[in-house]
Amino acid sequence: MAQPAPAPVAAPVVPAGESILDQVEFFRPLPEQLKRQLESRLVKKTLKTGEILFNQGDPGDAMYMVWSGQLAVFLTDNALGLCVDLAKLGPGQSIGEMALVTGQPRSASVRAMEESQLLGVSRDIFYALVQAAPQVGIMVAGVLAKRLDTVNKQQGIEFGTLKGRTPDPALLETVPSQLIKRHKMVPVSSQGGVVLIATPDPANRLGLDDIKRMLGDQPVQLMAVSEQDYSAFVATHLGAPTASGPKVPITRTLSGPPKPVTYLGLVDKDDEKLAQQAAASSDIVNLVSAVLAEGIERGASDIHMEPERKTFTVRYRIDGRMVVRDGVIPMTLHLPIVSRLKVLAQVNIAEKRLPQDGRISLEYVGKPYDLRLATVNTKNGEKITMRILDASKLDQNLGSIIVAEKVSSVIRKLFYRPNGLVLVTGPTGSGKTTTLYASLRERMNKEISICTVEDPIEYDLAGVTQVQVNEGIGLGFAEVLRTFMRQDPDIILVGETRDGTTARLACNAALTGHLVLSSFHTNDAPSAVIRLRSMEVEPYLIASSLLGVVNQRLVRRICPACRVEQPATELVIKNLQAAGVLVDGTTKFFKGTGCDKCNNEGFKGRVGVYELLLSGPKVRDAISQKECSMADIRNAAADGSYVSLARFSTHLLSQGYTVPSEIIRILPREDGS
C-alpha cells in the first residue's frame, strides 16, 4: 500500500539583522563581520528525495546546514547487509562539523528523506577563515570543548577507587550477585537518592540498563575503577552466593552405577503398591536426585529417561546434542523411578496408558528450577522427558543474546515500537521463547500492561498477565486474544500463531494501538510473510501491521577458555561459500581445544544465529501486491532491510563464536541441497 508523501518541512525563519549562521551553534560565537564573509561563501545544494549527500567512509571535506526538508543519518554494515538509522535532521540543524575540523572520513551516511535545501561550508574555505582570523579557531575549540563536557556530564562518569569502601547491604540484596558478576557493575552506596555504581567498564550501557531496572530506575552515578580494584572488592564483599536448602532432595553427581537396593525382587512383580513404596526409598530418592542434579550441572535443556528391554537409559540434551549418562540403570528400577517422578510432578501414579504432563519445582544450590515433565507409554514401558527451565535465564537481555551489536540494536528498536506486529520464527528448540521473554523483560515496568497467551506457560513473569491455553474447554489462542482486546494491554505476546483466525486477530490488534509479539514456525524470515498470506490474511493487513520478522537458530559456542585459531581446509571454505557465507582463504577460523571448563568438549553453551527482515516501504509495497513470492520480498529488502542467516554466520565465524561445521549444519546450501 503506497504511503502518503510527508508534509514539507518549513525552512527556518531568520530574524531581521541576523545571519543564517546564527542558526548553527558552531558558528554562533563568530563576530558579525566574519559571519557575513563566511555566509557569502556558502554553497547551496539541493537533494531530491532518496538522494545521498555522502556515504560512510567518504572524505570529510565539508559540513552542511539544513535550510529546508529532512535528512536521515544512517550506518551501513556491509558484512551483515544491514542499514541502521541513527538520526533525522531538520531545518536549522547541521552535520559534519567534526569532519570540517579533522578531515577524517565520514562515520555515517546521509540521505534526503524529502526534497531538501542545504548550505555547505568546505574545509578549504573554513581553513582560510581560520588563517585570516585565528580567533575563529579558538572559538570553535571552545564549542567542541563545551560539547565534550556536556557528554561527560550526561554519561555521569567519574573516576575513583573502591579501597576502604563497604557496600550497602540493602543494594546487594536488591541486585542479584550473578547480575553484578556478569556485567562487572556493583552498586556501592546511595546518597541523596543517587546510587553509586562502580565498574571497570563504564561503556557497558546494556549492563547499566539491567542494573538500573533492578534498582527501580533510581538515578545512578557511574564510577570507573580498575579491573584489579573491582575484582578485589567483589571477592571481599560478595564471595560465593549462599545456597538455601532444596525443596526437593538433590545430591551431588553420582559417578558409576547406582548402589544396589534391597527391594529389586519386589518391583519385578509389578505390584503398584510395592512400586510406590519403593519410590519412597532413600536409594531411589537419591538416584533420582543425582540424575536431576547432573542434568542441571551439565547445563542440559532436557532429560530423557527411556526404558529398553534390559536397561533404563538416561540421556541429556546438552547444547542441542543428546549425551548418554554414564552408568547402567537396570530395568528393575524403572517402575520406582517413574513413580518417584510422578509423585514429584503431582500426576496420577496409577495411570500408565495415557500420556500425562506435570511440573516439578525445586532449588539446587540456591537457584530455582522448574522441570516440565511429560510421559508416554512405549512398548517397553513409560518414557519420561523433562524440560529444564532455568529462571535465571530471564536475566538475559537482547544485547547478551544477540552478539552482533548492530543487529541487536535494530531488533531492540522493533520491540520498543508502540504498536505493530513482530514475528519470531524458527524450528522447535531454536530459542524463540528466550528471545521473546528477553524482549518482554526489557519492556516490563509499572507503567505498561503486558498480557501473554501461552501453551504452556514456561516461566512466571511478575507483573505480567499470563493465560494458559486450554483447548479442551474451547480456550484457544484466538479466544484469549479476543479477550485481551478488552483488557487494555500495551503489549500482547501470542505464544504461537497456529491458524488464520489468530493471525488476523494479531494483525488487527497491531493496527489498533498494541505491540503484538508472536512466535511462528517457518524456516526463514520471508517465508513468514508467505505463510500469513496462505492463512488467508489480507495482504494489505500484513503490510500495514508487520514491523519485522526475526528468524533464528542455535549453534554451539566455542569455549572461550580454550579457543585457538585454526586454518580451514579448501573443502570447508567451499561448503561455507555454497551456503552463502562470505569467507575466503584469508578468513580466520577458530576452535576449542578442550579444557576443564568445557569438560574437554571445546564448546561451552550456545549462541544464536539470526535472520532479520524489516518491513520498510519497499517491502510493504511488495507484500501488498496481489502476487508476492519470497524472491520479491528479498529483492525489495535489498536496500539494507534484510540480514540473512549466512551474513550473520559470517560475523559469528570471523569473531570466533563458533566453528564452520556448526554453520554448515544449520544453513541450506544455495543450490538447494
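Values below: all heavy atoms of this structure, side chains included; hydrogens, waters and symmetry mates excluded.
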For the pair [X] (side chain) and [Y] (backbone), establish whether a donor and an acceptor sit closer than 3.5 Å, ignoring hydrogens and angles.
X: Ser518; Y: Val494; result: yes
X: Asn599; Y: Glu601; result: no
X: Arg553; Y: Ile663; result: no
X: Glu294; Y: Val291; result: no
X: Tyr364; Y: Glu297; result: no
X: Ser519; Y: Gly495; result: yes
X: His304; Y: Thr385; result: no
X: Arg620; Y: Ser615; result: yes
X: Glu662; Y: Arg556; result: yes

Between [atom1] on residue [X] and [atom2] on residue [Y], distance to nearest 0.5 Å:
X: Thr452; Y: Leu440; atom1: OG1; atom2: CG; answer: 7.5 Å
X: Leu389; Y: Ile360; atom1: CG; atom2: CD1; answer: 11.5 Å
X: Ile197; Y: Met185; atom1: CD1; atom2: CE; answer: 7.0 Å
X: Leu373; Y: Arg387; atom1: CG; atom2: CZ; answer: 12.5 Å

Answer yes or no on whether Arg498 is positioned over the face of Phe477, meaning its NZ or CZ is under 6.0 Å from the six-membered ring centre and within 45° of the axis.
-> no
Is Arg557 positioned over the aromatic face of Tyr657, cation under 6.0 angstrom from the ring centre and no more than 45 degrees off axis?
->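 Verdict for Tyr657: no cation-pi partner in Arg557.
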Looking only at side chains, do [X] and [Y] share a donor and an acceptor under 3.5 Å apart?
X: Thr502; Y: Thr497; result: no
X: Asn286; Y: Ser289; result: no
X: Tyr642; Y: Glu611; result: yes
X: Ser449; Y: Asp490; result: no
X: Glu454; Y: Gln468; result: no
X: Thr435; Y: Tyr610; result: yes

Does a sphere of radius 6.0 Å around [atom1] in [X] hold more than 12 heavy atoms from other residues, nucleotides or ligands, not counting ones at 6.0 Å or beyond?
X: Lys413; atom1: NZ; answer: yes
X: Arg321; atom1: CZ; answer: no
X: Gln346; atom1: CD; answer: no
X: Lys406; atom1: NZ; answer: no
X: Glu405; atom1: CD; answer: no

Charged N to carboxylate O below 4.0 Å: is that the case for [X] and [Y]?
X: Lys432; Y: Glu496; result: no
X: Arg372; Y: Asp302; result: no
X: Lys367; Y: Glu363; result: no

Phe312 and His334 aromatic ring geometry - parallel, tilted or perpendicular at 30°/60° bounds |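 Judged by the thresholds at 30° and 60°, the geometry between His334 and Phe312 is perpendicular.
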For the residue pair Leu515 and Arg443, establish whether any side-chain heavy-atom pair is separated by less than 4.5 Å.
-> yes
